[in-house]
Asker: 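Can you keep this structure in mind? I'll have questions shortly.
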Amino acid sequence: MSERIIAGLDLGSSSVKYLIAEEADGNASIIGVGIVPSKSINKGFVVDLNKASDAIVQAKKQAEAMSGKKASTVYVTVSGAHIFSVNNRGVIVISKDGREIGADDIKRVEESAKVLLLQPNQKIIHILPRQFIIDGQGGIRNPIGMSGIKLEEEVHIVTSSSTALYNIGKCISMAELELGSFVLQSLASSYSILGDQEKDLGIALLDIGAGTGDLILYVNGNIAHTTVLPIGGEYITKDIAFALRISLEEAEKVKKQYGFVITKKGDIPSGEVEIEKVSTNEKFSVPYTEIGEIVTSRVDEILEGIRLELMKSGFWSSIPAGIVITGGCALLKGFAERASEILEIPSRVGFPKSDFALSDILSSPEYSASVGLIRYAMENEKVVRKRSDLWKSLSWLKDIFE
Ligand SMILES: Nc1ncnc2c1ncn2[C@@H]1O[C@H](COP(=O)(O)OP(=O)(O)OP(=O)(O)O)[C@@H](O)[C@H]1O
Ligand SMILES: [Mg+2]
């Protein structure tokens with residue numbers, strides 16, 4: 001029986017989450033969880049190397065103490081405005097008379113599909129296959145063994161700032177961990193949230209945390225669009241603090257305890273909320289409606305940003321299954337309902353699907369990306385090892401730390 005210990009590290013703007021999973025014969029079980037509040041990463045960028053690596057070490061220690069195991073390799077989320085994505089296509093000739101397509105042809109077409117004029121300082125982190133096309137016939141998932149003259153591959157390419165990756169890599173190496181792979185946050189979350197049927201039908205997933213809103217669209221079972229918007233729960237907290245003249249810590253508590261989004265069908269709680277300023281012990285009352293109005297105006301702005309992004313993507317009419325909202329912000333009462341009203345598509349909150357032990361702890365939307373990382377690692381590890389091109393694309397970073 002082959003056994004492997006893997007870890008998922010989700011570097012969020014509000015906290016660092018580290019999960020340890022034990023994999024045996026293709027089944028993984030999450031056995032350790034560490035979560036450390038930290039502001040050392042902001043919207044996908046490391047803002048304090050020492051504090052970030054300290055937070056990683058602490059989260060790792062918590063998870064190791066819970067599981068009694070140490071992971072050999074860590075999969076890490078990436079997010080932020082430095083991420084760019086594009087759909088690209090590669091074309092190769094198999095033979096002028098047609099012959100069976102082999103593994104070498106797949107390699108060749110992948111090479112061709114990843115030819116892209118990259119901005120300086122951008123590195124490819126994902127080359128995600130969308131479909132193969134043989135002599136104009138599309139929708140093919142695995143062309144090996146089929147016959148054809150011309151082979152095309154459509155891929156979704158995700159690139160990231162190499163500086164941002166370098167700094168994350170440095171924190172990981174300072175925490176004495178070995179980097180497995182970088183994984184786009186929304187892609188990781190999709191592994192714990194979305195099912196194959198909804199991906200086939202066409203669906204969007206929004207992971208909205210403290211600092212970023214990470215959007216991924218699946219159409220016909222394939223990734224059609226990804227983007228990262230620099231908007232999240234912090235934005236709502238800041239506005240509550242400003243409007244009520246309280247500290248950010250107090251505003252965060254008010255948001256979590258009393259915050260809600262005004263929706264067409266939802267009831268507005270009557271009465272007032274009593275808020276105590278910790279610094280002065282001064283107490284004052286605020287009507288529920290006022291809190292609802294502050295929160296709703298910010299949420300509407302966030303959702304307006306998502307609406308524009310869906311329009312820009314060109315796939316808005318191709319997601320009949322609607323949008324799933326996950327990440328900590330999805331816990332805000334009424335957020336998903338409001339999303340449905342503004343985006344005019346079905347909407348629900350996404351809780352990480354977990355048949356793992358510890359699912360009681362991990363069932364919050366805040367854990368979608370970290371639970372998804374473990375699933376991603378399980379499903380892609382073998383593929384990644386085989387896909388030497390992708391591995392090579394990250395080797396520049398691995399070389400630095402080895
Ligand atoms: N019950 C709640 N109501 C409203 N907001 C909540 C609630 N619980 C958590 N949040 C918000 O969720 C956010 C944290 O979510 P999450 O852990 O997904 O973010 P993150 O991964 O650290 O950040 P990011 O991925 O955006 O960089 C915070 O802004 C927090 O205020
Ligand atoms: Mg997050």
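Excluded from the calculations below are hydrogen atoms, water molecules and symmetry mates; all remaining heavy atoms, backbone and side chain alike, are included. Both counts, for ligands and for their atoms, begin at 1 and track the order of listing. Since this is a predicted model, take the numbers as computed values, not measurements.
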Asker: To the closest 0.5 Å, what do you measure between CD1 (Ile124) and CZ (Phe182)?
Answerer: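 Separation between the atoms: 15.0 Å.
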Asker: Who's the nearest protein heavy-atom neighbour of atom 31 (O) of ligand 1, and how far?
Answerer: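 Answer, as residue, atom name and distance: Glu252 OE2, 2.4 Å.
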Asker: Compute the minimum heavy-atom distance from Thr237 to ligand 1 and say whether it is under 4.0 Å.
Answerer: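 No.
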Asker: With heavy-atom distances below 4.0 Å as the criterion, list the atoms of ligand 1 near Thr212.
Answerer: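 Counting from 1, the qualifying ligand atoms are 24 (P), 25 (O), 26 (O), 27 (O).
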Asker: Has Ser79 got any heavy atom lying under 4.0 angstrom from an atom of ligand 1?
Answerer: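 No; Ser79 lies far enough from ligand 1 that no heavy-atom distance drops under 4.0 Å.
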Asker: Please determine, by modelled atom types, if Thr237 and Lys255 share a side-chain donor-acceptor pair under 3.5 angstrom.
Answerer: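 Yes, a side-chain donor-acceptor pair sits under 3.5 Å.
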Asker: Non-hydrogen atoms of Ser15 versus ligand 1: any pair closer than 4.0 Å?
Answerer: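 Yes, Ser15 has a heavy atom closer than 4.0 Å to ligand 1.
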Asker: To the nearest 0.1 Å, how far is atom 27 (O) of ligand 1 from its closest protein heavy atom, and which atom is that?
Answerer: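 Nearest neighbour among protein heavy atoms for atom 27 (O) of ligand 1, to 0.1 Å: Ser13 OG, 2.6 Å.
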Asker: Any idea which atoms of ligand 1 are less than 4.0 Å away from a heavy-atom of Gln185?
Answerer: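 Those qualifying, in numeric order: 25 (O).
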Asker: Please find the pair of heavy atoms, one from Val324 and one from Val349, that lie closest to each other, and give the distance.
Answerer: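 Looking at all heavy atoms of both residues, the closest pair is CG1-C, 4.1 Å.
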Asker: Could you identify the single nearest non-hydrogen protein atom to atom 1 (N) of ligand 1 and state the distance to 0.1 Å?
Answerer: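 Looking only at protein heavy atoms, the one closest to atom 1 (N) of ligand 1 is Leu331 CB, 3.6 Å.
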Asker: Under 4.0 angstrom from ligand 1, any heavy atom of Lys333?
Answerer: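 The answer is no: ligand 1 sits nowhere under 4.0 Å from a heavy atom of Lys333.
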Asker: Given Gln131, which of Glu153, Glu152, Glu154 fulfils the side chain to side chain donor-acceptor pair (under 3.5 Å) condition?
Answerer: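 Per the side chain to side chain donor-acceptor pair (under 3.5 Å) rule, the option paired with Gln131 is Glu154, out of Glu153, Glu152, Glu154.
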Asker: Any N/O/S atom of Ser14 sitting less than 2.8 Å from the Mg ion (ligand 2), backbone or side chain?
Answerer: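 For Ser14, the answer is no, given that no N, O or S atom comes within less than 2.8 Å of the Mg ion (ligand 2).
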Asker: Polar contacts were defined as any N/O atom of the residue lying under 3.5 Å from an N/O atom of the ligand; does this apply to Gly328 and ligand 1?
Answerer: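 N/O-N/O distance below 3.5 Å exists for this pair.
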Asker: Could you verify whether a donor N or O on one side chain and an acceptor N or O on the other, from Ser189 and Thr326, lie under 3.5 Å apart?
Answerer: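 No, Thr326 and Ser189 have no side-chain donor paired with an acceptor closer than 3.5 Å.
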Asker: How close does the nearest protein non-hydrogen atom get to atom 4 (C) of ligand 1, and which residue and atom is it?
Answerer: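 For atom 4 (C) of ligand 1, the nearest protein heavy atom is Leu332 CD1, 3.6 Å.
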Asker: At less than 4.0 angstrom from any non-hydrogen atom of Gly12, what atoms of ligand 1 do you find?
Answerer: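 Once the distances to Gly12 are compared, the set is 20 (P), 21 (O), 22 (O), 23 (O), 27 (O).
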Asker: Only one of Val36, Asp10, Leu362, Thr77 passes side-chain contact (heavy atoms from CB on, under 4.5 Å) with Lys17; say which it is.
Answerer: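 Exactly one pass, corresponding to Asp10.
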Asker: When only distance counts, is Gly211 in polar contact with ligand 1, meaning an N/O pair under 3.5 Å?
Answerer: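 Between Gly211 and ligand 1, an N or O pair is found under 3.5 Å apart.
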Asker: Test your reading of the structure: does Lys255 have an N or O sitting under 3.5 Å from an N or O of ligand 1?
Answerer: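 There is such a contact, yes.
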Asker: Closest non-hydrogen protein atom to atom 17 (O) of ligand 1, residue and atom name please, with distance?
Answerer: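 Of every protein heavy atom, Lys17 NZ, 2.8 Å lies nearest to atom 17 (O) of ligand 1.
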Asker: Could you tell me which non-hydrogen atom of Ile6 sits nearest to which non-hydrogen atom of Ala71, and how far apart they are?
Answerer: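 Between these two residues, the closest heavy atoms are C-CB, 3.8 Å.
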Asker: For Asp207 and ligand 1, does the shortest N/O to N/O distance drop below 3.5 Å?
Answerer: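 Not met; the criterion fails.
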Asker: Where is the tightest heavy-atom contact between Gly8 and Ile374, given as atom of each residue plus distance?
Answerer: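 It is N-CD1, 3.6 Å.
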Asker: Indicate whether any N or O donor in one side chain lies under 3.5 Å from an N or O acceptor in the other, for Thr263 and Glu337.
Answerer: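 The answer is no; no qualifying pair exists.
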Asker: Which is it for Ala210 and ligand 1 at heavy atoms under 4.0 Å: side chain, backbone, both or neither?
Answerer: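 The part of Ala210 near ligand 1 is both the backbone and the side chain.
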Asker: Are any of the heavy atoms in Gln257 under 4.0 Å away from ligand 1?
Answerer: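 False for this residue.
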Asker: Any idea which heavy atoms bring Leu179 and Thr73 closest together, and the distance?
Answerer: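 Leu179 and Thr73 have their closest heavy atoms at C-CG2, 4.0 Å.
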Asker: Is Ile208 in polar range of ligand 1, meaning some N or O pair under 3.5 Å apart?
Answerer: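 N/O-N/O distance under 3.5 Å: no.
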Asker: Between Ser14, Gly327, Gly233, which one has a non-hydrogen atom sitting closest to atom 14 (C) of ligand 1?
Answerer: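 Going through Ser14, Gly327, Gly233 one by one, Ser14 has the nearest heavy atom to atom 14 (C) of ligand 1.
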Asker: Under a plain distance cut-off of 3.5 Å, with no hydrogens placed, do Ser186 and Asp207 share a side-chain donor-acceptor pair?
Answerer: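 Judged by distance alone, the side chains do not pair up.
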Asker: If you count the atoms of ligand 1 from 1 in the order shown, which ones are under 4.0 Å from a heavy atom of Cys329?
Answerer: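 Near Cys329, the atoms of ligand 1 are 12 (O).
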Asker: Are Arg338 and Glu341 within salt-bridge range, i.e. N to O under 4.0 Å?
Answerer: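 Salt bridge flag = yes for Glu341 with Arg338.
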Asker: Identify whether NZ of Lys or CZ of Arg in Lys199 sits under 6.0 Å from the centre of the six-membered ring of Tyr191 and within 45° of that ring's axis.
Answerer: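 Judged by the rule, Lys199 and Tyr191 form a cation-pi pair.
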